[in-house]
Asks: 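After the structure tokens below, expect a handful of questions from me.
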Amino acid sequence: MVNILENKLKEKISSLIEELEIIIGYSESKAPLKINPVFIKTKEEIDRLIFNNLCVNNLATYSYYLSADTKGKIGIILKPCDVKSIIQLISEELLIKNKIKTIVIGCNGIIDYKKINKAVNYQKIISAKLDENNITVNTIDKSFNFKLKDFFAQKCYVCNIYDNPPYYDEFIENDLKLNLEKKKEYEDIEEFEKSGLEKIYKFWEEEFNNCIRCYACRNICPLEVCRDKCIAQLDEPHWQSHKINSSEGKFFQLIRIFHLAGRCTECGECERVCPANIELLKLMKKVNQIILKLFDYRPGLILDMKPPLLTFKNVEQNIKDEELI
Amino acid sequence: MNFINEGSKSLNVKNKKEDVKIVAFLCNWCSYAGADAAGTSRLRQPEDIRIIRVPCSGRINPLFILKAFNLGADGVLVSGCHPNDCHYSEGNFYARRRLEVIKEFLPFIGIDKRRFSYQWVSASEAQKWQKVVINFVKIIKEING
Ligand code: SF4
Ligand code: SF4
């Protein structure tokens, strides 16, 4: 089958490659259900580009460091939700707008392969095949056929920008549209909160028992551009021990969360890469919910708007002092 | 910070009722002076509070508050100049936003919101400081039960 969308993408990239020093996109991976990021410099390599429901990675992650290391302009292939990371970086003056060419592709949802792993009982998957509405997954002794719509990433169920990106230099329309029953934003957070303090405390204590402080969550995040100076790894001052236990893992994560408050675009990359399967997105979403409530702000949508914690108002409408007298 | 329990216990450790540990971060220009004035005017206050002086409430990194909880504090109190009265003119405005986010977030990791409070106490409000401390300690003791 000729893939119309991929052809459109390759055509577009061919027309742009002269003006760009490097282009970041998606390519096939040997591992089933995975794709690889690819860094393209020459015309010959353009054929390696792909785009499908497995293109989960948020390639904006490479933008900050790569743009610091290149003289020319960088092209990045992004989904409409990924472009939010770029907007956020530009709005914080961490990226220069003219150094990045955002090539955004309309999206019809991405697969959460952790859900698939679970559905096949964590059997080793040896191959997988995608079509428009289904995915066939083969383990050593079984073959499964799943409906795509049950296996999309959390964020797809609340997405309203899949064919309408908030910012782009080039937009490639996708004839396939995201067609999902929408969920209410933050409904999972509200549900979780109902379980009460004691249970919540226990829940996180157990989740963070699994944290091995690999820093994958930090390293994959497009907005965490402070990796070289990470407070969790400094010895002077020694804010945090390198011990591995629930309390230290949680402490590290809380630092991350506050560094991302009012910035996180809920791309879900941190949760995707966490080898311990910790529900990191839940925490990020809660902070965003608070930020929305207090400052009426959603990260990653407006190019020239400062994140709320980097500014203030003399009179804060939504903050009430609670006097202890 | 050797005044806190040895070893790093998990967040939200419950100490005994009669032995609560509260960490307070006070800005140098208003609240610390206010607390000092309360001392010199011999206003009686509970002794459960350990005060750390910082240049400005805007200097308080959320990390400080979380670290205090992580080391076993039962409560954390922040106090700075009243809005519009900051010595550096806007430090407490930035602080107010951050502190409010922390306060709202704590229950999501299982910590009672009342264990954290931020207040505005000026250098001349020794009596207000006394009330704040008395009430905060009372609340913490109630939660510890
Ligand atoms: S990716 Fe997961 S295991 Fe690794 S440091 Fe982050 S939370 Fe811990
Ligand atoms: S914190 Fe996680 S969800 Fe938020 S922007 Fe970073 S990687 Fe994405």
Side-chain angles (χ1 to χ4, degrees), chain A residues 189 192-193 195-205 207-209 231-232 237 239-241 243 245-255 257-259 261-262 282-283 285-291 293-295 307-316 318-325, chain B residues 7-13 58 61-67 69-72 77 79 82-84 90-114 116-121 125 127-139 143:
Chain A
I189 301 294
F192 176 72
E193 282 175 323
S195 52
L197 286 183
E198 203 90 0
K199 281 221 177 94
I200 291 177
Y201 183 76
K202 264 257 131 46
F203 175 83
W204 291 117
E205 183 165 71
E207 283 287 282
F208 282 102
N209 269 332
I231 204 163
W239 275 105
Q240 169 153 44
S241 128
K243 278 184 209 149
N245 59 37
S246 176
S247 145
E248 293 294 334
K250 185 156 53 173
F251 185 50
F252 165 64
Q253 205 52 237
L254 291 172
I255 298 172
I257 289 165
F258 282 101
H259 288 185
K282 224 184 212 143
L283 294 165
K285 280 163 84 173
K286 179 63 201 179
V287 186
N288 271 2
Q289 189 203 33
I290 295 171
I291 294 280
K293 188 180 102 190
L294 293 180
F295 311 115
L309 295 189
L310 295 183
T311 172
F312 64 86
K313 284 195 181 128
N314 286 35
V315 179
E316 300 280 3
N318 300 325
I319 302 181
K320 282 191 193 64
D321 291 341
E322 281 177 28
E323 300 240 48
L324 278 179
I325 47 171
Chain B
S8 76
K9 288 199 192 167
S10 285
L11 290 155
N12 135 349
V13 165
N61 190 324
L63 170 71
F64 298 176
I65 294 156
L66 298 164
K67 179 88 179 171
F69 278 121
N70 201 23
L71 288 170
L77 178 65
S79 187
H82 286 264
N84 289 319
E90 46 195 43
N92 56 0
F93 286 134
Y94 287 104
R96 179 167 60 186
R97 288 197 159 195
R98 279 179 224 144
L99 297 169
E100 184 69 17
V101 175
I102 296 177
K103 196 176 163 111
E104 291 285 312
F105 187 76
L106 287 176
F108 203 73
I109 46 170
I111 299 181
D112 195 317
K113 211 172 168 164
R114 293 170 298 166
F116 173 67
S117 176
Y118 65 93
Q119 299 290 318
W120 315 121
V121 175
E125 291 177 315
Q127 271 171 349
K128 179 174 178 186
W129 172 253
Q130 182 196 28
K131 277 192 200 150
V132 164
V133 175
I134 291 174
N135 287 334
F136 191 60
V137 171
K138 202 171 117 210
I139 291 170
I143 304 172

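Hydrogens, waters and symmetry mates play no part in the numbers below; they use all other heavy atoms, side chains included.
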Asks: Would you say NZ of B/Lys131 has more than 12 non-hydrogen atoms from neighbouring residues, nucleotides or ligands within 6.0 angstrom?
Replies: no
Asks: Can you tell me if CD on A/Glu193 sees more than 12 non-hydrogen neighbours from other groups inside 6.0 Å?
Replies: yes
Asks: Measure the spacing between CG of B/Leu66 and CD of A/Gln253 and express it to the nearest 0.5 Å.
Replies: 12.0 Å
Asks: Does the plane of the ring in A/Phe312 sit parallel, tilted or perpendicular to the ring in B/Phe93? Use 30° and 60° as the thresholds.
Replies: parallel
Asks: Can you tell me if B/Gln119 uses its side chain to pair, donor with acceptor, with the backbone of A/Glu322 under 3.5 Å?
Replies: yes
Asks: With a 4.5 angstrom heavy-atom cut-off, which part of A/Leu309 approaches chain B: side chain, backbone, both or neither?
Replies: both
Asks: Do A/Phe258 and B/Leu63 come close enough that some side-chain heavy atom pair is under 4.5 Å?
Replies: no
Asks: Could you tell me whether a side-chain N or O of B/Lys67 sits under 3.5 Å from a main-chain N or O of A/Trp239, the two making a donor and an acceptor?
Replies: yes
Asks: Can you tell if the side chain of A/Gln289 reaches within under 4.5 Å of the side chain of B/Glu104, non-hydrogen atoms only?
Replies: no
Asks: For A/Ile291, is it the side chain, the backbone, both or neither that has a heavy atom under 4.5 Å from a heavy atom of chain B?
Replies: side chain
Asks: What residues, two or more places apart in sequence or in another chain, satisfy ring pair (Phe, Tyr, Trp, His ring centres under 6.0 Å) together with B/Phe136?
Replies: none
Asks: Non-hydrogen atoms of chain A under 4.5 Å away: do they reach the side chain of B/Lys103, the backbone, both or neither?
Replies: side chain
Asks: Look at B/Lys138, B/Arg98, B/Lys128, B/Gln130 and state which one has the largest set of heavy-atom pairs under 4.5 Å with chain A.
Replies: B/Lys128
Asks: Between atom CD1 of A/Ile319 and atom CG of B/Leu99, what is the distance when rounded to the nearest 0.5 Å?
Replies: 9.0 Å
Asks: Could you tell me which portion of A/Phe208 (side chain, backbone, both or neither) has an atom closer than 4.5 angstrom to a non-hydrogen atom of chain B?
Replies: neither
Asks: State the CG-CG distance between A/Leu197 and B/Leu106, to the nearest 0.5 angstrom.
Replies: 10.0 Å
Asks: Sort B/Pro62 into side chain, backbone, both or neither according to what part of it lies under 4.5 angstrom from a heavy atom of chain A.
Replies: side chain
Asks: Quick check on A/Asn314 against chain B: is it the side chain, the backbone, both or neither that has a heavy atom closer than 4.5 Å?
Replies: both
Asks: Return the minimal non-hydrogen interatomic distance between A/Leu324 and B/Ser117, and the atom names on each side.
Replies: CD1-OG, 3.6 Å
Asks: Determine the minimum heavy-atom distance between B/Arg96 and A/Lys313, stating which atoms define it.
Replies: NH2-O, 3.1 Å
Asks: Among A/Ile255, A/Val315, A/Ile231, A/Leu283, which residue has the highest count of heavy-atom pairs closer than 4.5 Å to chain B?
Replies: A/Leu283
Asks: At a 4.5 Å cut-off on heavy atoms, which part of A/Lys199 comes close to chain B: side chain, backbone, both, or neither?
Replies: neither
Asks: Please name the pair of heavy atoms, one in A/Ser247 and one in B/Asn70, separated by the smallest distance, quoted to 0.1 Å.
Replies: OG-OD1, 2.9 Å
Asks: Given the options A/Asn318, A/Val287, A/Thr311, which has more heavy-atom pairs under 4.5 Å with chain B than any of the others?
Replies: A/Thr311
Asks: If you take all heavy atoms of B/Ile109 and A/Tyr201, which pair is closest and at what distance?
Replies: O-CD1, 3.5 Å
Asks: Could you look at A/Phe192 and say if it's the side chain, the backbone, both or neither that has a heavy atom under 4.5 Å from chain B?
Replies: side chain
Asks: Heavy-atom cut-off 4.5 Å, strictly under: side chain, backbone, both or neither for A/Lys293 against chain B?
Replies: side chain
Asks: Any non-hydrogen side-chain atom of B/Phe108 less than 4.5 Å from a side-chain atom of A/Ile200?
Replies: no
Asks: Please tell me if the side chains of B/Glu100 and A/Glu316 come closer than 4.5 Å, counting only heavy atoms from C-beta onward.
Replies: no
Asks: Using non-hydrogen atoms and a 4.5 Å limit, figure out which bit of A/Ile290 sits close to chain B: side chain, backbone, both or neither.
Replies: side chain
Asks: Is B/Ile139 in contact with chain A via its backbone, its side chain, both, or neither, using a 4.5 Å heavy-atom distance?
Replies: side chain
